[in-house]
Amino acid sequence: VTGEDPSRRVLAQEETRIDGRRAVRRVTESTGQALFPEGVRGLEYLVDLDGGTLVASTYDVGDLRFPRNRDVLATMVQTLRID
C-alpha cells in the first residue's frame with residue numbers, strides 16, 4: 001500500500017502510531033493518471049493491522065472542504081480503537 005503509485009505524488013510522509021500500531025500519514029497530489037484530475041490534494045493514514053492495512057483518507061475534490069475534512073480525519077484516526 002505504501003509503494004510507488006503513478007497516479008499520485010507523495011508531498012509529505014511521516015511515520016506515526018494509531019492506537020499503538022505502526023502507521024504512515026501521507027499528503028498526496030494526484031497526477032491525473034487515474035480517477036482524480038491532476039492536482040487534487042489528499043490526506044491518507046495507512047495503519048498496520050498485522051496482515052492487513054486500514055486506509056483512511058480524504059481528498060480536495062469538487063465542493064469538499066479539504067482543510068476541515070483533513071482536521072476531522074486526523075481527529076478520527078487519533079481516537080480510533082482497534083480490537
Side-chain angles (χ1 to χ4, degrees):
V1 174
T2 59
E4 193 168 323
D5 179 353
S7 70
R8 62 188 156 194
R9 289 180 282 282
V10 176
L11 303 177
Q13 178 170 304
E14 67 179 336
E15 291 188 17
T16 187
R17 297 199 74 79
I18 305 296
D19 195 29
R21 295 174 180 268
R22 291 181 25 203
V24 174
R25 177 186 182 275
R26 296 194 306 193
V27 177
T28 63
E29 182 178 69
S30 64
T31 63
Q33 296 182 26
L35 179 64
F36 295 123
E38 186 172 3
V40 172
R41 293 176 298 163
L43 174 64
E44 304 174 325
Y45 288 86
L46 309 164
V47 184
D48 183 0
L49 298 179
D50 299 324
T53 304
L54 171 67
V55 179
S57 59
T58 190
Y59 299 94
D60 182 19
V61 66
D63 62 354
L64 296 177
R65 297 182 317 183
F66 185 64
R68 177 190 162 278
N69 293 348
R70 180 190 58 213
D71 294 345
V72 168
L73 181 61
T75 299
M76 287 172 57
V77 298
Q78 293 305 320
T79 59
L80 186 64
R81 297 297 165 248
I82 301 168
D83 292 329

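Side chains of Ile82 and Val47 form a contact here, defined as non-hydrogen atoms less than 4.5 Å apart. Within the 4.5 Å cutoff, side-chain heavy atoms of Leu80 are placed close to those of Leu54. A heavy-atom distance below 4.5 Å is found between the side chains of Arg9 and Glu38.
In this structure, Glu15 has no salt bridge (charged side-chain N to carboxylate O under 4.0 Å, His left out) partners at least two apart in sequence or on a different chain. Residues passing the side chain to side chain contact (heavy atoms under 4.5 Å, CB included) test with Leu35: none are found, sequence neighbours excluded. Partners of Arg41 under the salt bridge (charged side-chain N to carboxylate O under 4.0 Å, His left out) rule, at least two apart in sequence or in another chain, are Asp60. Shown here are the ring pair (Phe, Tyr, Trp, His ring centres under 6.0 Å) partners of Phe36, two or more places apart in sequence or in another chain: Tyr59.
Cluster membership for Met76 and Leu43, using ILVMFWY side-chain heavy atoms within less than 4.5 angstrom, is not shared. Linking Ile, Leu, Val, Met, Phe, Trp and Tyr whenever their side-chain heavy atoms come within less than 4.5 Å leaves Val72 and Val27 in two separate clusters.
Applying the side-chain hydrogen bond (donor to acceptor under 3.5 Å, both in side chains) test to residues at least two apart or on different chains, none of the pairs has a partner in residues 71-83.
Glu14 CD to Arg25 CZ: the interatomic distance, rounded to the nearest 0.5 Å, is 5.5 Å. Considering CZ of Arg8 and CZ of Arg26, their distance stands at 5.0 Å, rounded to 0.5 Å. To the nearest 0.5 Å, atoms OG1 (Thr16) and CG (Leu46) are separated by 11.5 Å.
No more than 12 heavy-atom neighbours from other residues, nucleotides or ligands sit within 6.0 angstrom of CZ on Arg22.
Taking each heavy atom of Thr31 and Pro6 in turn, the nearest pair found is OG1-O, 2.8 Å.
In this structure, Val10 stands alone, with no Ile, Leu, Val, Met, Phe, Trp or Tyr side-chain heavy atom under 4.5 Å from its own, directly or through other members.
A donor-acceptor contact shorter than 3.5 Å links the side chain of Ser30 to the backbone of Pro37.
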